[in-house]
Amino acid sequence: MTQTAPTVTLVRGDITEQRADAIVNAANSSLLGGGGVDGAIHRKGGPEILAECRALRASHYGKGLPTGQAVATTAGRLGAEHVIHTVGPVHSTSEDRSALLASCYRESLRVAAELGARTVAFPAISTGIYGWPMGDGARIAVRTVREAAVAPVEEVRFVLFDDSAYAAFESALQSPA
Ligand code: AR6
């Protein structure tokens, strides 16, 4: 049977308030926390998440989680079963790093599917501290998710922090697949 791509929904809000099977964190390769979404997830999710991140570093990622890859931990006190940590690329004007940004969405969905998640909430990866222009980041996110067929994931929810992020994703969703 051919798998279908997940339904894409948009929400304006804070990703740490979401109920979903998995919430994706825009992390950095240290896996030890930071600002933005990462800081908010660790603050609200509690120390269990950091403890699992530390254990993952010790067991698998001594040199850090490479850009474009994804790995899961507990979601601690968040309203989710899992947090999937992925490392977005820092935006560059001299080099096209779009494939790495697409990889973050694809790998996060692959990990979510392995965990049996049906609903997955994503922030706009790399569009904050890592400087990716929102319009381009939104197009890459939407295109990559549309191309993914990752049963049992049924819903991919983009959680956008402000009106301009929401508008960028709305516009990306309205353009033809
Ligand atoms: N819910 C939803 N979206 C949010 C939230 C939130 N609570 N907080 C910020 N955003 P960023 P990056 C938006 O900077 O660019 C960290 O220090 C934000 O407006 O969180 O991938 C990590 O440790 C922006 O549109 O992630 C890394 O070092 C988007 O989420 C680095 O930042 C992503 O912004 C990663 O930078």
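Order of appearance sets the numbers: ligands from 1, and atoms from 1 within every ligand.
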Numbering as shown, the atoms of ligand 1 that approach A124 to under 4.0 Å (heavy-atom distance): 29 (C), 33 (C)
Report the nearest protein non-hydrogen atom to atom 32 (O) of ligand 1: residue, atom name, distance rounded to 0.1 Å. I129 CD1, 3.3 Å
Residue, atom name and distance, where the atom is the protein heavy atom closest to atom 13 (C) of ligand 1: F161 CB, 3.9 Å
Looking only at protein heavy atoms, which one is nearest to atom 25 (O) of ligand 1, and how far off is it? T127 OG1, 2.7 Å
Please work out whether the ring planes of F122 and F158 are parallel, tilted or perpendicular, with thresholds of 30° and 60°. tilted
Could you check whether T9 and E155, counting side-chain N and O atoms only, form a donor-acceptor pair closer than 3.5 Å? yes
Counting from 1, what ligand 1 atoms have a heavy atom of G34 closer than 4.0 Å? 17 (O), 23 (O)
Ligand 1 atoms in contact with D38 (distance to a heavy atom under 4.0 Å): 22 (C), 23 (O)
heavy-atom search around atom 2 (C) of ligand 1 in the protein gives I15 N, 3.6 Å
Closest by any non-hydrogen atom to atom 17 (O) of ligand 1: pick that one out of G35, G131, A138. G35
Closest to atom 28 (O) of ligand 1 among W132, Y130, F122, F158 (heavy-atom distance): Y130
For ligand 1, which atoms have a heavy atom of M134 less than 4.0 angstrom away? 25 (O)
Is the number of heavy atoms from other residues, nucleotides or ligands within 6.0 Å of CZ (R12) greater than 12? yes
Got the closest protein heavy atom to atom 30 (O) of ligand 1, with its distance? V37 CG2, 3.4 Å
What residue and heavy atom of the protein are closest to atom 21 (O) of ligand 1, and at what distance? S126 N, 2.8 Å
Are Y61 and V83 connected in the hydrophobic side-chain network, where two residues link if heavy atoms are under 4.5 Å apart? no
Value rounded to 0.5 Å, distance of CH2 in W132 from CD1 in I125: 11.0 Å
Contact with ligand 1 for A165, non-hydrogen, under 4.0 angstrom: no
Examine V153 and I23 and state if one hydrophobic cluster contains both, with Ile, Leu, Val, Met, Phe, Trp and Tyr joined whenever side-chain heavy atoms are less than 4.5 Å apart. no
Between CG on residue L50 and CD1 on residue I41, distance to nearest 0.5 Å: 13.0 Å
Give the atom numbers and elements of ligand 1 that come within less than 4.0 Å of a heavy atom of N28. 22 (C), 23 (O), 27 (C), 28 (O)
Return the closest protein heavy atom for atom 26 (O) of ligand 1 as residue, atom name and distance. A26 CB, 3.6 Å
Which residue and atom name correspond to the protein heavy atom nearest atom 7 (N) of ligand 1, and how close is it? D14 OD1, 2.9 Å
Using 0.5 Å steps for rounding, measure from the CD atom of Q69 to the CZ atom of R110. 8.5 Å
Looking at OG1 of T119 and CZ of R157, how far apart are the two atoms once the value is rounded to the nearest 0.5 Å? 6.0 Å
Atom OG1 in T73, atom NE2 in H82: separation rounded to 0.5 Å? 9.5 Å
By number and element, which atoms of ligand 1 are closer than 4.0 Å to a non-hydrogen atom of G13? 1 (N), 2 (C)
Salt-bridged, E17 to K44, with N to O below 4.0 Å? yes
